[in-house]
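Here is the structure we will look at, set down as structure tokens.
Chain letters run A, B, ... following the sequence lines, proteins first, then strands; residues in each count from 1. All values reported here derive from a predicted model rather than from experimental measurement.
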Number of protein chains: 2
Amino acid sequence: MPRIGKPGGRRLAEAGAAGGRPRGGAGAGRFFAVEAIDRAILTALSGDGRLSYTDLAERVGLSVSAVHQRVRRLEQRGVIKGYAARIDYEAIGLPLTAFVAIRPIDPAAPDDAPERLSGLPEIESCYSVAGEDFYLLLVRVKSPSDLERLLQEIRTAVNVTTRTTVVLSTPYEGRAAPVGR
Amino acid sequence: MPRIGKPGGRRLAEAGAAGGRPRGGAGAGRFFAVEAIDRAILTALSGDGRLSYTDLAERVGLSVSAVHQRVRRLEQRGVIKGYAARIDYEAIGLPLTAFVAIRPIDPAAPDDAPERLSGLPEIESCYSVAGEDFYLLLVRVKSPSDLERLLQEIRTAVNVTTRTTVVLSTPYEGRAAPVGR
DNA sequence: GGTGAAATACTTTTCGT
DNA sequence: ACGAAAAGTATTTCACC
């Protein structure tokens, strides 16, 4: 599986490689130090998924080959599930974001809502939640009338009641994960 | 690393024409077709942010140079806000996700909650919402006790009441945007 | 605005230490 | 984990459509 990337090390502020790292001795890798480096890698890639191995190595204070090996392992273990471009939804004509809480009309009915709703691309995320609601959906649409249509589609697909919370603005979203806290 | 060389280097390139339509020749000046290609690019990069220009060009049916130019323009215009690795939060020791709705105790107080809360890295996203609550926060923590601590920190930082909804599981999250609908 | 190709530099990958 | 070489891409420029 060829890992492609584009040259483009984004140079950002120096985060500083986590803590002291054992130099010299070949296999002196302590569990703690190892974990710290992986966390540094994940934090960096969480902020800029297109960082090159060269820049990544520079940031975490390791050689390119070592960083490459670690990233590969993280991808393989599923810690890194993939990479995605972060898109400005307003710019692409989807200025309306909303949370839709759904609750089954018949609580005894089989619960396959996520599957049934997965066909609606307007639903970006689906969370199973504790509390009175069953699921919380994050949706992106073009307009209020599109939201209305989507809500009808949801209710049609899974026999539920919906409670919608419109997002007015998004101060920040999808910030880097607090890896290593 | 002085890489201000002419070719090959990476940084910096001029914008070129911002808003023009294709002239004669192949492009018959269709605004629609142009938009469609950009949408295709965004959809592809939304699904795999590390796609090479070669693969991208193949997918959208354009030359590498043209795709490259379009991607750069999308990045420059802010349509593509960046790239990020998608991380498995459970794998990195943050198995607990929750939504925290906050409401000011004193509705008349100045509202600078997003700024005041931005220092808490456990808060991944902050949405300003319509309804009884003021903001909805998406948080990731290690354990219930960490969630308790975070809630206290939030209440300390911005004099609000909190209402927390714990996420039990996440059927799907961060799916590709429905660009072009 | 698009194509195709060529020149150059960087990244990714593998291999030996 | 390191270092270096090999293979693969990205970036830019140019001429032309």
Side-chain angles (χ1 to χ4, degrees), chain A residues 1-11 17-18 20-31 33-38 40-41 44-45 48-76 80 83, chain B residues 1-38 40-41 45 48-77 80 83 85:
Chain A
M1 236 187 316
R3 261 179 54 95
I4 43 252
K6 91 182 181 188
R10 260 79 164 159
R11 263 189 118 11
R21 128 188 110 85
R23 260 239 83 111
R30 294 184 299 236
F31 208 87
V34 172
E35 288 287 324
I37 291 178
D38 278 345
I41 290 173
L45 286 179
D48 184 353
R50 263 182 128 150
L51 270 177
S52 70
Y53 290 132
T54 307
D55 289 351
L56 205 49
E58 203 173 310
R59 280 205 198 188
V60 305
L62 234 64
S63 71
V64 174
S65 346
V67 167
H68 174 248
Q69 188 178 335
R70 281 172 180 276
V71 172
R72 251 190 76 77
R73 224 173 47 206
L74 289 171
E75 289 174 349
Q76 214 163 306
I80 293 176
Y83 301 88
Chain B
M1 251 146 280
R3 40 196 204 182
I4 315 292
K6 288 138 203 186
R10 70 149 273 116
R11 301 285 89 215
L12 273 304
E14 73 297 341
R21 282 190 305 277
R23 273 187 338 225
R30 299 163 304 219
F31 224 99
F32 181 72
V34 173
E35 289 286 323
I37 291 178
D38 279 343
I41 289 175
L45 286 179
D48 183 354
R50 272 186 111 138
L51 270 177
S52 71
Y53 290 129
T54 308
D55 291 348
L56 205 49
E58 201 172 313
R59 282 205 197 187
V60 306
L62 234 62
S63 71
V64 174
S65 347
V67 167
H68 173 247
Q69 190 178 338
R70 281 173 179 275
V71 171
R72 258 203 80 75
R73 223 174 47 206
L74 290 171
E75 289 174 348
Q76 220 164 294
R77 285 193 300 175
I80 294 177
Y83 301 88

Starting from [atom2] on [N], measure out to [atom1] on [X] and report it in whole angstrom.
{"X": "Leu56(B)", "N": "dT9(D)", "atom1": "CG", "atom2": "C1'", "answer": "13 Å"}
{"X": "Gln69(B)", "N": "dC14(D)", "atom1": "CD", "atom2": "C1'", "answer": "14 Å"}
{"X": "Leu45(B)", "N": "dA10(D)", "atom1": "CG", "atom2": "P", "answer": "12 Å"}
{"X": "Tyr53(B)", "N": "dT12(D)", "atom1": "OH", "atom2": "P", "answer": "9 Å"}
{"X": "Glu58(A)", "N": "dC10(C)", "atom1": "CD", "atom2": "C1'", "answer": "14 Å"}
{"X": "Asp55(A)", "N": "dC10(C)", "atom1": "CG", "atom2": "C1'", "answer": "10 Å"}

Can you tell me if the side-chain N/O atoms of [X] get under 4.0 Å from OP1 or OP2 in [N]?
{"X": "Arg70(A)", "N": "dA1(D)", "result": "yes"}
{"X": "His68(A)", "N": "dT13(C)", "result": "yes"}
{"X": "Ser52(A)", "N": "dT11(C)", "result": "yes"}
{"X": "Arg50(B)", "N": "dT11(C)", "result": "no"}

Are Glu58(B) and Tyr53(B) close enough that a side-chain donor and a side-chain acceptor fall under 3.5 Å?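 Side-chain D/A pair, Glu58(B) to Tyr53(B): absent.
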Counting distance alone, no hydrogens or angles: does the base of dG3(D) have a donor or acceptor under 3.5 Å from a partner atom on the side chain of Ser65(A)?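 Flag set: donor-acceptor pair detected.
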Looking at dG1(C), dT3(C), dT13(C), which one has an atom nearest to any side-chain atom of Arg73(B)?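 Given the options dG1(C), dT3(C), dT13(C), the side chain of Arg73(B) is closest to dG1(C).
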Going through the distances and angles, do Leu45(B) and Tyr83(B) end up as a side chain to side chain contact (heavy atoms under 4.5 Å, CB included)? CA-CA 9 Å; Leu45(B) 286 179; Tyr83(B) 301 88; 4.1 Å; yes
For the residue pair Val67(B) and Ala57(B), what are the closest heavy atoms and their distance?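 Scanning both residues completely, I find the closest heavy atoms to be CG2-CA, 3.5 Å.
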Just by modelled atom types, is the Ile41(A) backbone N or O under 3.5 Å from a matching donor or acceptor in the Arg70(A) side chain?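 Absent.
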